[in-house]
Amino acid sequence: MGVEQFRIDGDRLLTEVKRLVAEGNVRRISIKQGDHTIAEFPLTVGVAGAVLAPWLAAVGAIAALVTDCSIVVERVDKPGA
């Protein structure tokens, strides 16, 4: 499993989370501010849009409150990698 972390402004948070979910190989997304984890969203293969709607609404609310945060992404390893 690969893990990456990058800093992002709050106004781009929702767009970036949507992009990561669309990639399809993401197992978990955590949103941090400093050393504190603000939110953590476990994802599974084949997550439907209706299931994601509450999570995306929560990310939108978080984006309105934070100005500088980090996204930690855990990716599923590709077979044969």
Side-chain angles (χ1 to χ4, degrees):
M1 178 175 18
V3 178
E4 66 180 285
Q5 179 173 344
F6 51 94
R7 299 188 67 79
I8 191 165
D9 292 329
D11 59 344
R12 291 185 33 232
L13 181 62
L14 184 58
T15 303
E16 191 63 23
V17 169
K18 285 181 180 180
R19 184 188 67 77
L20 290 166
V21 169
E23 286 182 10
N25 66 339
V26 176
R27 176 176 285 173
R28 178 182 314 272
I29 297 174
S30 301
I31 301 170
K32 292 185 170 192
Q33 188 168 32
D35 292 334
H36 302 287
T37 300
I38 298 171
E40 193 169 322
F41 303 100
L43 302 173
T44 58
V45 176
V47 174
V51 174
L52 287 176
W55 290 350
L56 294 176
V59 170
I62 292 167
L65 297 173
V66 298
T67 56
D68 188 32
C69 58
S70 299
I71 297 178
V72 179
V73 181
E74 293 180 26
R75 296 185 184 274
V76 178
D77 287 337
K78 295 179 183 175

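Nearest heavy atoms, Gly10 versus Ala63: O-CB, 3.1 Å. When all heavy atoms of Leu20 and Val26 are compared, the closest pair comes out as O-CG2, 3.4 Å.
Under the side chain to side chain contact (heavy atoms under 4.5 Å, CB included) criterion, Ile62 pairs with Leu13, Ile31, Ile38, Ala39, Val66, sequence neighbours left out. Looking at residues two or more places apart in sequence or on another chain, you find a salt bridge (Lys or Arg N to Asp or Glu O under 4.0 Å) between Glu4 and Arg75. Remark: Asp68 pairs with Arg7 by the salt bridge (Lys or Arg N to Asp or Glu O under 4.0 Å) rule, at least two apart or across chains. Take Arg12 and apply the salt bridge (Lys or Arg N to Asp or Glu O under 4.0 Å) test, not counting sequence neighbours, and it matches no residue. Here Arg28 pairs with Ser30, Glu40, Pro42, Glu74 under the side chain to side chain contact (heavy atoms under 4.5 Å, CB included) rule; sequence neighbours left out.
The side-chain heavy atoms of Val17 and Phe41, taken from C-beta on, include no pair separated by under 4.5 Å. Using a 4.5 Å heavy-atom threshold, the side chains of Val21 and Ile29 count as touching.
Taken together through direct or relayed side-chain contacts under 4.5 Å among Ile, Leu, Val, Met, Phe, Trp and Tyr, Leu14 and Leu65 form parts of separate hydrophobic clusters.
The OG1 atom of Thr15 sits 11.5 Å away from the CG atom of Asp9 when rounded to the nearest 0.5 Å.
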